[in-house]
Amino acid sequence: MPELPEVEVVRRGLDRWVAGRTVERAEVLHPRAARRHEAGGADLAQRLRGRTITTASRRGKYLWLPLDGRDSALVAHLGMSGQLLVQPAETPDQTHLRARLAFTDGGRELRFVDQRTFGGLALDALVDDDTGGVVPASVAHIARDPLDPGFDDGEWVRRLRRRQTGLKRALLDQTLASGIGNIYADEALWRARLHWAAPTETIAPARARELLGHARDVMSSALAEGGTSFDALYVNVNGESGYFDRSLAAYGQADQPCPRCGRPIVREAFMNRSSYRCPQCQRTPRNAHR
DNA sequence: GATCGGCCCTGCCCGC
DNA sequence: TGCGGGCAGGGCCGAT
């Protein structure tokens with residue numbers, strides 16, 4: 001899904017449905033699901049047995065479930081197609097079921113389902129990061145996200161302007177600000193009337209702050225609507241989809257009229273993916289970083 | 001050190 | 001109807 005709003009929807013579901021529960025049995029059904037756990041899937045499953053999940057945390061697109069003792073956590077990343085579902089044990093196995101946790105209370109299972117296997121699970125030590133937070137070691141390089149109360153807007157602007165690249169690359173860089181992916185980058189740039197290739201090094205600080213504000217606003221709005229879903233792949237822990245796709249102005253809107261000026265939105269190749277923009281509102285800058 | 005392209009996967013949709 | 005190519009919301013790794 002999974003950009004910040006969608007991952008936060010999942011985090012809230014996990015906090016409600018699995019916090020306080022003790023793992024009776026864990027199974028890892030596909031090796032790629034545990035490839036970030038160095039000792040492998042069997043080791044991961046064995047180490048989870050008997051551990052109690054205390055809460056559900058998130059930074060950017062990373063989720064983690066701190067375990068009793070609070071010195072380690074089960075880390076999850078959904079990748080492009082991952083789902084964490086809380087379902088009755090009698091629910092038939094999904095085609096792409098990659099891992100399963102059953103709990104001592106005999107209630108609903110936690111399932112990791114992932115078609116494309118870009119996502120994964122790992123057990124990791126919790127460490128202090130350099131911004132005063134406690135995160136899994138494998139997440140320590142990820143910046144705080146714009147919805148995090150500890151996010152430093154001024155520092156983001158300074159670091160952005162030290163980069164020599166295009167605005168969208170910088171928005172997607174999870175070590176600068178986390179949680180923003182292809183959808184919300186395009187939506188924030190559209191709202192700010194900025195081109196994806198506009199240079200980071202010459203953007204006025206006030207314009208940069210504006211762009212950050214739009215990124216924050218668009219992700220907050222998406223979160224309020226349960227996230228963005230184009231199809232059944234992107235769901236909360238109960239398998240339900242969000243509604244924000246109805247509010248997208250640019251992303252995925254090729255040939256549709258720009259909601260501001262009416263010019264057709266264009267799709268352009270970008271980093272082996274796509275970028276969508278309005279050719280009128282988001283003019284190509286002279287010194288673009290292609 | 002910073003930046004960027006390639007690549008890891010599966011499935012769906014479209015055009016031929 | 002069948003097949004091949006392109007594309008999909010991410011991030012790590014290695015080359016430059």
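Each chain gets a letter, A, B and so on, in the order the sequences are listed, and its residues count up from 1.
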Are [X] and [N] close enough that a side-chain N or O sits under 4.0 Å from OP1 or OP2?
X: Ser81(A); N: dC9(B); value: no
X: Arg116(A); N: dA8(C); value: no
X: His30(A); N: dC9(B); value: no
X: Tyr251(A); N: dG9(C); value: yes

Could you check which of [options] has an atom nearest any side-chain atom of [X]?
X: Arg32(A); options: dC7(B), dA8(C), dC8(B); result: dC8(B)
X: Thr165(A); options: dG9(C), dC8(B), dC4(B); result: dC4(B)
X: Arg267(A); options: dT10(B), dC7(C), dC8(B); result: dC7(C)
X: Gln115(A); options: dG11(B), dG9(C), dC9(B); result: dG11(B)

#### Entry: Assigned partner base of dC4(B), Watson-Crick or wobble definition, under 3.5 Å
dG14(C)
### Message
Could you tell me the Watson-Crick or G-U partner of dA8(C), where both distances fall under 3.5 Å? Say none if there is no partner.
### Response
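Base-paired to dT10(B).
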### Message
Strictly distance-based, threshold 3.5 Å: is any side-chain N or O of Arg11(A) a donor or acceptor partner for the main-chain N or O of Glu8(A)?
### Response
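No; judged by distance alone, with no hydrogens or angles, the pair does not exist.
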### Message
Whether the side chain of His195(A) engages the backbone of Pro285(A) through a donor-acceptor N/O pair (distance < 3.5 Å, no angle test) should be reported.
### Response
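Checking the backbone N and O of Pro285(A) against the side chain of His195(A), no donor-acceptor pair under 3.5 Å is found.
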Rounding to a whole Å, what distance do you find between [X]:[atom1] and [N]:[atom2]?
X: Asp173(A); N: dA2(B); atom1: CG; atom2: P; value: 11 Å
X: Arg159(A); N: dG1(B); atom1: CZ; atom2: P; value: 14 Å
X: Tyr243(A); N: dG9(C); atom1: OH; atom2: C1'; value: 19 Å

### Query
Any salt bridge between Asp68(A) and Arg51(A), counting N to O under 4.0 Å?
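A salt bridge is present here (some side-chain N lies under 4.0 Å from a carboxylate O).
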### Message
With clusters defined by side-chain heavy atoms of hydrophobic residues (ILVMFWY) lying less than 4.5 Å apart, directly or transitively, does Leu126(A) cluster with Leu121(A)?
### Response
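In one cluster with Leu121(A): Leu126(A), no.
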### Hphob cluster co-occupancy, Ile53(A) + Val75(A), side-chain heavy atoms under 4.5 angstrom
no
### Query
Can a donor-acceptor pair under 3.5 Å be found between the side-chain atoms of Arg163(A) and the base atoms of dA2(B)?
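Side chain to base: no pair below 3.5 Å.
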#### Entry: Closest-nucleotide ordering on DNA chain B, the 5'-leading residue of Thr117(A) and Arg162(A)
Arg162(A)
## Note on the structure
The contact string for nucleotides 11-16 of chain C, one letter per nucleotide 5' to 3', using protein heavy atoms under 4.0 Å with B, S and - for base, sugar-phosphate only and none, comes out as BS----
### Query
In whole Å, what separates the C1' atom of dC12(C) from that of dG11(B)?
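Looking at atom C1' only, dC12(C) and dG11(B) are 23 Å apart.
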### Task
In whole angstrom, give me the gap between the P atoms of dG6(C) and dG6(B).
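After rounding to an integer number of Å, I get 14 Å for this pair.
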### Query
Is there side-chain contact between Ile180(A) and Met219(A), with heavy atoms separated by less than 4.5 Å?
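Yes. Closest side-chain heavy atoms under 4.5 Å.
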### Task
Determine the minimum heavy-atom distance between Phe244(A) and Glu225(A), stating which atoms define it.
CD1-OE2, 3.7 Å
